[in-house]
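First up is the structure itself, then whatever we jot down about it.
As the structure is a computational prediction, the values presented were derived from the model and not from experiment. Lettering of chains follows the sequences in order, A, B, ..., and the numbering in each one begins at 1.
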There are 2 protein chains.
Amino acid sequence: VSPVLDGGRFAVKRCVGDRVEVAADVFGDGHDRLAAQVLYRAADAKTWKHAPMRAGENDRWSGMFEVDRQGRYEFMVEAWRDDFATLRDEIDKKFRAGVLAPIDLADARRLLDDTRRRTRTAGTAIAKFLAAFDRSSDSAERASLLLSSDAANAMAAAAQRPFRARSGTYGVQVERLGARYASWYELFPRSLGADGAHGTFDDVVARLPAIGAMGFDVLYMPPIHPIGVNHRKGPNNSLTTAPGDPGSPYAIGDASGGHDSVHAELGGIEAFRRLVAAAAAQGIEIALDFAIQASPDHPWLEQHPGWFTTRADGSIRHAENPPKKYEDIVNVDFFANEAIPSLWNALRDIVVFWASEGVRLFRVDNPHTKPLPFWEWLIADVRRRYPDVLFLAEAFTRPKPMYRLAKLGFAQSYTYFTWRTDKRGLADYLDELNGDEPRECFRPHFFVNTPDINPYFLQTGGRPAHLIRAALATMLSGLWGMYSGFELCEAAPLPGREEYLDSEKYQLRARDWQQPGNIVDEITRLNLLRRSNPELQTHLDVEFLNADDDQVLHFAKGPKDGPGAVLVTISLDPFNDRASTIEVPLWRWDLADDASVEVEDLWTGERFHWNGKRQYVHLRRDRPFALWRVYAPAFSAPPVTPAAAFGDHA
Amino acid sequence: VSPVLDGGRFAVKRCVGDRVEVAADVFGDGHDRLAAQVLYRAADAKTWKHAPMRAGENDRWSGMFEVDRQGRYEFMVEAWRDDFATLRDEIDKKFRAGVLAPIDLADARRLLDDTRRRTRTAGTAIAKFLAAFDRSSDSAERASLLLSSDAANAMAAAAQRPFRARSGTYGVQVERLGARYASWYELFPRSLGADGAHGTFDDVVARLPAIGAMGFDVLYMPPIHPIGVNHRKGPNNSLTTAPGDPGSPYAIGDASGGHDSVHAELGGIEAFRRLVAAAAAQGIEIALDFAIQASPDHPWLEQHPGWFTTRADGSIRHAENPPKKYEDIVNVDFFANEAIPSLWNALRDIVVFWASEGVRLFRVDNPHTKPLPFWEWLIADVRRRYPDVLFLAEAFTRPKPMYRLAKLGFAQSYTYFTWRTDKRGLADYLDELNGDEPRECFRPHFFVNTPDINPYFLQTGGRPAHLIRAALATMLSGLWGMYSGFELCEAAPLPGREEYLDSEKYQLRARDWQQPGNIVDEITRLNLLRRSNPELQTHLDVEFLNADDDQVLHFAKGPKDGPGAVLVTISLDPFNDRASTIEVPLWRWDLADDASVEVEDLWTGERFHWNGKRQYVHLRRDRPFALWRVYAPAFSAPPVTPAAAFGDHA
């Protein structure tokens, strides 16, 4: 049965309004006809609904159902021997061959009569049918009655299902659309103050219209909690601080409070509530950072020493990645003596607290270094209270732990996208994410930059590089994000490092949002195109197509059996204009290589025709991408595949 | 975990002496070191043995164990956090970086001491180590002690396994080699009589030396039971018989007995016993046909009417495939009123009876038209008494029911080979059989012909066609079979049908075994080559290689990491000599395209060198195949793959 993850251990994921296409191997011994259906329900519903399944090639049957609300659904497949269908086949064949005997009709009548006696639902209909059958004495007429839809309907209503077999019950986790399609904007509130002052949430409120106008619908902020003083970091991660240095917001907690407190200079909880309300009014959700780490000043150390593991000398181990040391951070031990259940509950309560403040999106810092069972428990527990809460995993680790976090409940995940810059690397990665298992659980979030990651490609490629990465992220993935400054093409690095110079993690940074050379207009347009073209609201259903230039990525978005597709062509070269022939997938609509299709340039709005499979495109550095909608002429559903592809020599 | 079939519902198959290569995804949260091992045992053993696993790419770990006797084995994978390995890494890194502190050594000592207190097996060794550790006061010396193999061995012996996780338990069905590698010869004993007389088992005994000399090790006979008289079929399947017509042996049973009786004219049970003994003495096994069908004269009809389903008029339904009718055969109904358990037991007892007569191979007629649960039960029950019994499924049906029968216990199966005659069809089919699931359960038996199947390719292609099919079957599959007459290139068909004219199913056929144009010598040589080249004793580990002629099939047999390979080239054209360049897979041994390798022509025995990847071969109609053994020069084990292919940006 598919879709199933790890034998049913985990639920597959869908969004509200999606279809779940179910397929199963259905076969039995002998040559009798079979029937099958999907049974499904919301997990809290009492009764099962059912959807028919049809046989395809090689004993593979398929059916589908729609999921229309958040939460867990369940489905199973059931199949049975369809004796009446077998009988109809036999009557039909014998009648055509002229060998139908009275005993055959008598056998058929007996099956109907037996069914009538067994059914609670269709007795009257079958009795009525049998009366008509008995009134006739003509074999041909009786055969034709048996083959009629009246007989089929009455017998179907009787729902007799000999040798019924059921699969296991499998789960579908249904989330809101924002789990798959959203555009995130990240900023440090403290940088938004006027004239070098420490910014507050009210300064963020003032920026909301500009962020919304660019087409973003999520505003994500690094930790907003009190920042430790002990071992506070100075500018550019230095070990020494000057008076007034704000410190890293990831060094969470001071004497005034920890993860459920707001850093005083940001305006306190009241200012945060004003921000949440103002954002909601403008269609923007607030996403918070959930970073389970503590500064040495965090109240936990005094209140819950039992949450920490001590060393041989009784001290608490600070974070380290030998030989590196992080003396400004201590980590809780999830399996320390007093950690279960009080630490786990306390962490859950932090999320619940912010959810009660209206937050439904949590970006989780390094979840892969915390216990996997902890996340499975926490996410399920939070969602029992707030079903629409979504978690984004910031897990830059190996593929299997990343996919595991997705299965455990993380709705979205950071990815390797940032380091995929060449044609082969991008196509292979998207193909992997579209593969059997990842597609059912893992939703990639394509960030073009983060406060931690200033990619070499952006450092060296200037404005065209920023346009290229924005186009790739917005066109390839339903989820994308940028950290402020990207729209101004800020990319000055710490020399030789993939990090920002004068990183906002350690200091305030004032910006001129109208700075010349910015790419605000392009980002706005890209986000708008995502909003009006559903094909661009997912990383699924992508097909990479031929472009004869190795620096030009060319792909189609949208289901292969759909009535059209969005074609996207993006240069990967920030230093030169590129030109390439590109392939139009005319074969999707059974068109000849020289056919003509109607095309809309989605950037310019022009409509025209393309003649033939090969087209030419020129990509300039000031707009190194192009995209079109191709309209399939006179679209019709694909022909039904013949069921029997294998001979039966028995 | 692999190898696992259907989540562990079915056991994978191996033969005595095989290795079971186990692989599993093993990962955890965080950066701690892990360890893993395979636990395995014969299912009737009390204790588990263990084999180490090593990490490969992408969190995939692997290990192996050998199975050395018949029956069911079990295995599981267990993994745990290896705290001592993590500690050693840390000590090592810090020591090299010059930042090792006394507290680090104190922590390390504490771990060892804690372990010493917990272990029942290694306390003394660890205590001895700690004494040495304490005697030293030098950090460098202490670090080096911690990194010594003494410390590693003592800690490994303690077998502390925090966070130990175990997979499910999975089955391996181990069968004797004959399940995978055997050469079957099929004949009708009744045709072996002198001067047109009805043959007996003693006539078969007289033929045994010739059959053995051809290299066959199994002699398979169609049903040997009494043949019904009622509706007996005449020559060429005619509905009328003349006196003396022997009838089809598949119409089983007459007044004298049924499935546990021997047809009187064959010499009775005593003659059968003489045959079994004579065959065994010559290294030939006897295979019987288990065909669950009855002539209308079978004793079952009188003794067990409750095993049959009656029609509306009380009569018993004869076999039919509408509009065709088979009035000479009636079928039991496995779910008839009185069928369970008496019919199922009676059928099981038939197999057990013949097993008690020394038969260990059963070819089962049309198993896919009998209930799948019946076979699973019967095969397991028979094997509890006779573990070395093997069943061959004659199921020409769709792939999934065929694979299911294999999973349920059939050791071998007839296949589509007979109808795969072109290069693409053959390669695709072998690739499918080498695929993930089939390779673990389905052993294909390549019959070149049967009494029922006289393939068009043989009908039209003459002697070269017979050589081609014999070469394909013997070289591609561990199991192959031929029905007598093939070695004489008999192929006269019923016009327009894929059947033999004057089929032995309905009449006796005397033969001249020395008939000119026979291919006895070639078959003998092919069987001999199979015996001396283990690569030819399985359908697994085949790789199709380039040959520039579309009528020439070229492939390598043997594991890709082996010290050599058998190369086989077979013409698929019975009408013309063929010539082709063929590819030598020098890349298997990391050799350049122009390298030289030592080669032995396995047909002629000549030894010589091939220079370069492309060689030329000429295949004549009188020997349309060639094969060589390629010897890898200075074979060495492949380099270990680096474990970490993914960056960890956490």
Side-chain angles (χ1 to χ4, degrees), chain A residues 7-8 25 27-31 58-60 89-94 96-99 102-103 106-110 163 311-313 315 317 320-323 325 335 366-372 374-375 394-401 404 416 418-419 452-453 644-650, chain B residues 7-8 25 27-31 58-60 89-94 96-99 102-103 106-110 163 311-313 315 317 320-323 325 335 366-372 374-375 394-401 404 416 418-419 452-453 644-650:
Chain A
D25 288 350
F27 58 87
D29 44 73
H31 301 289
N58 196 11
D59 291 318
R60 194 81 183 148
D89 279 356
E90 184 184 336
I91 295 285
D92 187 41
K93 281 182 193 163
K94 286 187 174 175
R96 286 164 191 263
V99 297
I103 181 67
D107 279 355
R109 192 193 187 288
R110 186 173 61 166
F163 294 92
R311 308 195 68 177
D313 63 356
S315 67
R317 180 186 278 269
E320 51 184 336
N321 185 11
K325 300 182 175 201
F335 298 106
N366 279 326
H368 59 296
T369 60
K370 285 85 188 173
L372 298 168
F374 167 74
W375 292 121
E394 189 243 8
F396 291 111
T397 180
R398 305 179 313 281
K400 281 171 188 168
R404 185 72 167 205
Y416 308 132
T418 323
W419 299 278
D452 282 323
I453 308 169
F646 298 92
D648 188 329
H649 296 91
Chain B
D25 288 350
F27 59 87
D29 43 74
H31 301 289
N58 196 11
D59 291 318
R60 193 82 183 147
D89 279 355
E90 186 184 334
I91 296 286
D92 187 41
K93 282 182 194 163
K94 286 187 174 176
R96 285 162 191 264
V99 297
I103 181 68
D107 279 354
R109 191 193 189 287
R110 186 172 60 166
F163 294 91
R311 308 195 67 179
D313 65 356
S315 67
R317 181 186 277 268
E320 53 185 336
N321 185 11
K325 299 181 174 200
F335 297 107
N366 279 326
H368 59 298
T369 61
K370 284 85 188 171
L372 298 167
F374 166 74
W375 291 120
E394 189 244 9
F396 292 111
T397 181
R398 305 179 314 282
K400 282 172 189 167
R404 185 73 166 203
Y416 309 133
T418 325
W419 299 278
D452 283 322
I453 307 169
F646 300 93
D648 188 329
H649 296 88

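In this structure, Asp107(B) contributes its side chain and Arg311(A) its backbone to no donor-acceptor pair below 3.5 Å.
In this structure, chain B has a heavy atom under 4.5 Å from the side chain of Phe335(A), while its backbone stays farther away. In this structure, no portion of Glu394(A) lies under 4.5 Å from any heavy atom of chain B. Only the side chain of Phe163(B) comes within contact range of chain A, with heavy atoms under 4.5 Å apart. Only the side chain of Arg110(A) comes within contact range of chain B, with heavy atoms under 4.5 Å apart. Neither the backbone nor the side chain of Arg96(A) has a heavy atom closer than 4.5 Å to any heavy atom of chain B.
Using a 4.0 Å cut-off between a side-chain N of Lys or Arg and a carboxylate O of Asp or Glu, Asp59(A) and Lys400(B) do not qualify as a salt bridge.
Between chain A and the residues Arg404(B), Arg60(B), Glu90(B), the most heavy-atom pairs under 4.5 angstrom are made by Glu90(B). Options Val99(A), Leu372(A), Ile453(A) differ in how many heavy-atom pairs under 4.5 Å they form with chain B, and the most are formed by Leu372(A). Considering only heavy-atom pairs separated by less than 4.5 Å from chain B, the leading option among Ala108(A), Ala312(A), Gly30(A), Gly7(A) is Ala312(A). Listed options Ile103(A), Asp89(A), Asp92(A), Asp25(A) were ranked by heavy-atom pairs under 4.5 angstrom with chain B; first place goes to Ile103(A).
Judged as a side-chain hydrogen bond (donor to acceptor under 3.5 Å, both in side chains), and not counting sequence neighbours, Lys370(B) has no contacts.
In this structure, Phe374(A) CZ and Asp29(B) CG are separated by 11.0 Å, a value rounded to the nearest 0.5 Å.
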